[in-house]
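The next block holds one structure in the form of structure tokens; read it before the comments.
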Amino acid sequence: MDNHVRVRLAPSPTGSPHVGMVRTAIYNWLFARGRGGTFIVRIEDTDRGRLVEGSVDEMLESLRWLGIEWDEGPDVGGPNAPYHQSERLGDYHRAAEMLIERGAAYRGDCPPERVEAVRKEGGGYDRKRLDARETGDSGPAVVRFAMPTEGTTVLDDLIRGEVAFENGLVDDFVILKSDGFPTYHLASVVDDRSMGISHVFRGEEWLSSVPRHLKLYEALGWAPPLFAHLPQILAPDRSKLSKRHGAVSVREYREMGYLPGAMVNFLALLGWSLDDRTEVMSVDELTRAFSLERVSRSGAMFDAKKLEWMNGHYIRQTPPGDLADALLDYWRAFPAKGIAPPPEREQVVRIVPLVRERLKTLRDAAPLIGFFFQDGVEYEAAELVQRKMDAAGTKVALSRAHDALAGLDSFDEESIESALRELAGELDLKVGQLLGSIRVATTGLKVAPPLFGTLEILGRERSLAAIIEAAGRL
RNA sequence: GGCGCGUUCGUCUAGCGGCCUAGGACACCGCCCUCUCAAGGCGGAGAUCACGGGUUCGAAUCCCGUACGCGCUACCA
């Protein structure tokens, strides 16, 4: 039973992959993986007017980046595979013809206003009146589904339970457009059937269309798949999430320095939970734990702050070597947010432990460690002078620090720390005051990685030179 | 307007009749730790469980109604 699971993600190539679409992808994927099923990506490109060049590639690239792998998709189907609906027009036309022959659909070429008008007259209207041959109207020909005017259609939704719809309230929707392309309703039903889809997980905005789909299956003589309508992802103002609310495409999050693991984990939790405490979960754990029973019914607001926290958590969990690789990859992909020229991996691996718990995103790294890779540091001389100190005192402190460090047998973190702490005592300064001056002198930053480790990595020569130069500026 | 779905701390949620004087996480506040900033530890504030009726010995949990929010109502998906 379980190995009959075949689910699909059916994106429309109309722009960048939205986080809502990605969440739907994650649920489908986790469900399939958890049950030894198949996960398919099918491109729903039936609206030629809204097609956006390159969006299929961007979509697939985003899924790949997230680690979401599909078993069948537009890149593995080969010619005539049903993965681009635009290549399967014959299927939809055949289905439409079948429906027309059975009297379940009809060709109508009168304008939409006329359809509406005839419907409003009510009382079991004769659909032939919608045909131009009868009415004398003329417009582009479309095929409409003859929706039953009586009875109730009931769906047993996997998440929401039974939902009933009055057939008479659903209009005769278009299944084949005048340009020869099918609408979503026909195309998805035909494809889900031909691809052997067992479960349809999609956004709740589709719930209202269910009676159409169920009646289509019925008229075609096909058994429908199981349905689960997922809660929506909301913007901070509870409206639908869109560009005006900030980043909505996964590409943007990638560019902002988010880790794919954090992204998947966070999105999985937007509308689903395991229990009352487990939040950080690997893909393996998610796969094992995911179940429809625990998907919530109400919409979930996209909490960027929590994503940020989770990303920081993932960064802290990442071993230094892996984090260095992630940073290098990130800088390579987005040079503007990196360090030029690209640093040596070895060097980054050494620095990473110093800043790992200070990063919320990969983007935070460059400003914090860029000085390691620059020749000189920039700062205002006044910044060297710490609280309750003056220029003269700072100058003395700096040159004494230089001497102390110069005399060290070994220029390692521990030796540096004890030397500097001792010096602070001798100068009757707070440790923070002394280190503050040295920090600015060597990094040019007021907020920087821990100083002792920083100096060790910087090395004796560079450290001493920077301190001397700073003293000279006072 | 019609139809459908939804409604527990600001946010994500736990809860599926008694364990709830409602638990966890993010955010927020305070303290501790501390070379800056973080991270971490400890503590705090924050939800009369949308509202009103029922059912029941007992309801956040079941039923009905109302309100509000969202979705659909396209030759868009």
Side-chain angles (χ1 to χ4, degrees), chain A residues 10-14 21 44-47 49-50 108-109 111-112 115-116 139-144 155 157 159-161 163-166 168-171 173-185 187-188 202-212 229 231-232 234 236 238-240 266 269-280 293-294 296-310 312-313 315-316 355-360 364 368 386 417 420-421 424 430-440 443 445-454:
Chain A
S12 185
T14 54
M21 186 224 88
E44 310 234 318
D45 55 350
T46 57
D47 184 345
R50 293 204 309 154
D109 47 1
V115 177
E116 182 61 14
V142 297
V143 176
R144 285 176 188 276
L155 164 74
D157 189 89
I159 293 173
R160 288 152 211 281
V163 185
F165 303 88
E166 207 66 50
L169 264 17
V170 181
D171 60 11
F173 56 100
V174 171
I175 56 176
L176 219 48
K177 299 182 269 192
S178 57
D179 63 1
F181 279 73
T183 56
Y184 171 88
H185 308 301
S188 68
R202 76 230 298 193
E204 101 176 274
E205 66 271 23
W206 290 109
L207 192 54
S208 301
S209 299
V210 161
R212 295 174 174 163
H229 290 87
Q232 300 237 265
L234 278 20
R238 296 231 140 243
S239 69
K240 199 178 163 198
F266 174 75
L269 253 20
L270 224 49
W272 174 84
S273 64
L274 174 59
D275 53 32
D276 62 338
R277 54 198 66 249
T278 314
E279 296 209 299
V280 177
E293 296 74 60
R294 300 202 60 84
S296 68
R297 287 150 298 277
S298 49
M301 202 176 274
F302 189 93
D303 184 355
K305 278 287 186 193
K306 186 150 186 173
L307 203 212
E308 201 172 60
W309 165 78
M310 187 166 279
H313 185 89
I315 286 177
R316 272 169 253 134
V355 295
R356 198 163 56 147
E357 56 279 307
R358 274 158 251 268
L359 308 178
K360 286 205 269 289
D364 297 340
L368 205 51
Q386 301 299 298
E417 173 160 10
L420 258 20
R421 283 189 187 282
K430 296 217 173 203
V431 176
Q433 292 175 303
L434 211 216
L435 300 191
S437 295
I438 301 175
R439 174 176 300 110
V440 171
T443 69
L445 302 170
K446 283 183 177 166
V447 173
L451 190 62
F452 308 126
T454 296

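None of the values given here were measured: they were computed from a predicted structure. The chains referred to below are lettered A, B, ... by the order of the sequence lines, with proteins before strands, and numbering in each begins at 1.
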Revision key, fill the gap. A:F266 atom CZ is separated from B:C12 atom C1', nearest whole Å, by 8 Å
**Study point:** Heavy-atom check, side chain of A:L269 versus side chain of A:M310, under 4.5 Å
**Key:** yes
Check your understanding: With side chains defined as the heavy atoms from C-beta onward, is the minimum distance between A:F266 and A:F302 less than 4.5 Å?
Key -> yes
Exercise for review: Both distances under 3.5 Å, Watson-Crick or G-U wobble: report the partner of B:U66, or none.
Suggested key: B:A50
Point to revise | Minimum-distance nucleotide (side-chain atoms of A:D47 versus B:C75, B:C76, B:G10) | key: B:C76
Study note, to complete from the structure: Looking only at B:C75, B:U73, B:A38, the nucleotide nearest the A:D171 side chain is B:U73
Exercise for review: Can you tell me, in whole Å, how much space there is between the C1' of B:G15 and that of B:C49?
Suggested key: 10 Å
Practice item. With C1' as the reference atom in both, quote the distance from B:U61 to B:U55 in angstrom, rounded to an integer. Key: 13 Å
**Study point:** Between B:G10 and B:C51 - P atom distance, rounded Å
**Key:** 13 Å
Check your understanding: B:G1 pairs with which nucleotide, Watson-Crick or G-U wobble, both distances below 3.5 Å?
Key -> B:U73
Check your understanding: Parallel, tilted or perpendicular: which describes the rings of A:W206 and A:Y184, with under 30° parallel and over 60° perpendicular?
Key -> parallel
Review point. Hey, does A:T46 reach any base, or is it just sugar-phosphate, or nothing, if we go heavy atoms under 4.0 Å?
Key: sugar-phosphate
Point to revise | Distance between C1' atoms of B:C57 and B:G44 (Å, rounded) | key: 38 Å
Review point. If you pin A:E204 and A:S239 to their nearest nucleotides in RNA chain B, which one's is more 5'?
Key: A:E204
Check your understanding: When we call it a touch if two heavy atoms are under 4.0 Å apart, what does A:Q232 touch: a base, just sugar-phosphate, or nothing?
Key -> sugar-phosphate
**Study point:** Separation between the C1' atoms of B:C26 and B:U36, rounded to whole Å
**Key:** 26 Å
Check your understanding: Expressed in whole Å, how much space separates the P atoms belonging to B:A59 and B:C19?
Key -> 11 Å
Exercise for review: Go ahead and name the base partner of B:A60; Watson-Crick or wobble counts if both distances stay under 3.5 Å, otherwise write none.
Suggested key: none
Practice item. State, with a plain yes or no, whether a side-chain heavy atom of A:I438 is found less than 4.5 Å away from one of A:L451. Key: yes
Review point. Are any of A:R294's side-chain N or O atoms less than 4.0 Å away from OP1 or OP2 of B:C12?
Key: no
Practice item. Would you kindly give the CZ-to-C1' distance between A:R238 and B:C12, to the nearest whole Å? Key: 10 Å
Exercise for review: Please work out if A:R202 contacts a base, only the sugar-phosphate, or nothing of the nucleic acid, heavy-atom cut-off 4.0 Å.
Suggested key: nothing
Study note, to complete from the structure: In Watson-Crick or G-U wobble terms, with both distances under 3.5 Å, the base opposite B:C28 is B:G44
Point to revise | Nucleotide forming a Watson-Crick or wobble pair with B:A22, both distances under 3.5 Å | key: none
Revision key, fill the gap. Assign each of A:M301 and A:A10 the nucleotide of RNA chain B bearing its closest heavy atom; nearer the 5' end lies the nucleotide of A:M301
Please write out the pairs of protein N or O atoms and N or O atoms of nucleotides 18-24 of chain B separated by less than 3.5 Å, giving the distance to one decimal.
| from | atom 1 | to | atom 2 | distance (Å) |
| --- | --- | --- | --- | --- |
| B:G23 | N2 | A:D276 | O | 3.4 |

Check your understanding: Are side-chain heavy atoms of A:T443 and A:T454 found at a separation under 4.5 Å?
Key -> yes
Exercise for review: Remember a base hit wins even if backbone is also touched, and classify A:A448 as base, sugar-phosphate or nothing at under 4.0 Å, heavy atoms.
Suggested key: base
**Study point:** Closest contact, heavy atoms only, A:S208 versus A:F165
**Key:** CA-CE2, 4.2 Å
Exercise for review: Search all heavy atoms of A:L420 against all heavy atoms of A:F452 and return the closest pair with its distance.
Suggested key: CD2-CE2, 4.0 Å
**Study point:** Distance in angstrom units between A:D179 CG and B:C75 C1', rounded
**Key:** 7 Å
Check your understanding: Is A:R316 touching bases, backbone alone, or none of the nucleic acid, heavy atoms closer than 4.0 Å?
Key -> sugar-phosphate
Practice item. Determine whether more than 12 heavy atoms belonging to other residues, nucleotides or ligands lie under 6.0 Å from atom NZ of A:K430. Key: no
**Study point:** Flag side-chain contact, heavy atom, 4.5 Å: A:V170 against A:R212
**Key:** yes
Point to revise | Stepwise side-chain contact (heavy atoms from CB on, under 4.5 Å) test for A:R160 and A:E204 | key: CA-CA 10 Å; A:R160 288 152 211 281; A:E204 101 176 274; 3.7 Å; yes
**Study point:** Among B:A27, B:A77, B:C3, the one nearest A:W309 by side-chain distance
**Key:** B:A27
Review point. What is the distance from CD1 of A:I159 to C1' of B:C16, rounded to the nearest Å?
Key: 16 Å
Exercise for review: Would you indicate which nucleotide in B:C75, B:G6, B:U13 comes nearest to any side-chain atom of A:R297?
Suggested key: B:G6
Check your understanding: Is there a Watson-Crick or G-U wobble partner for B:C16 with both distances under 3.5 Å, and if so, which one is it?
Key -> none
Check your understanding: Below 4.5 Å, heavy atoms only, C-beta onward: do A:P450 and A:R358 meet side chain to side chain?
Key -> yes
Exercise for review: For B:C9, give its Watson-Crick or G-U wobble partner with both distances under 3.5 Å, or none.
Suggested key: none
Review point. Given B:G4, B:A77, B:A38, which nucleotide is nearest the side-chain atoms of A:E357?
Key: B:A38
Review point. How long is the line joining NZ of A:K240 and P of B:G71, in whole Å?
Key: 8 Å
Check your understanding: So what does A:A164 hit on the nucleic acid, given a heavy-atom distance under 4.0 Å: a base, only sugar-phosphate, or nothing?
Key -> sugar-phosphate
**Study point:** Whole angstrom value for the distance that separates C1' of B:C72 from CG of A:D157
**Key:** 15 Å
Practice item. Pick base, sugar-phosphate or nothing for A:T14, based on heavy-atom distances below 4.0 Å to the nucleic acid. Key: nothing
Review point. With respect to the side chain of A:S12, which nucleotide from B:G6, B:A77, B:C75 is positioned closest?
Key: B:A77
Point to revise | Presence of A:K177 side-chain N/O under 4.0 Å of B:C76 phosphate oxygens OP1/OP2 | key: yes
Collect all protein-nucleotide pairs involving nucleotides 28-35 of chain B in which both atoms are nitrogen or oxygen and the distance is under 3.5 Å.
| from | atom 1 | to | atom 2 | distance (Å) |
| --- | --- | --- | --- | --- |
| B:C35 | OP1 | A:R421 | NH1 | 3.0 |
| B:C35 | OP1 | A:R421 | NH2 | 2.5 |
| B:C35 | O2' | A:R439 | NH2 | 3.4 |
| B:C35 | O2 | A:R439 | NH2 | 2.3 |
| B:C35 | N3 | A:L451 | N | 3.2 |

Check your understanding: Are any of the side-chain nitrogens in A:D45 or A:R50 under 4.0 Å away from the carboxylate oxygens of its partner?
Key -> no
Check your understanding: Within less than 4.0 Å of OP1 or OP2 of B:C12, is there a side-chain N or O belonging to A:S273?
Key -> no
Review point. Which part of the nucleic acid does A:G312 contact within heavy-atom distance under 4.0 Å: base, sugar-phosphate only, or nothing?
Key: nothing
Check your understanding: Are side-chain heavy atoms of A:L359 and A:L368 found at a separation under 4.5 Å?
Key -> yes
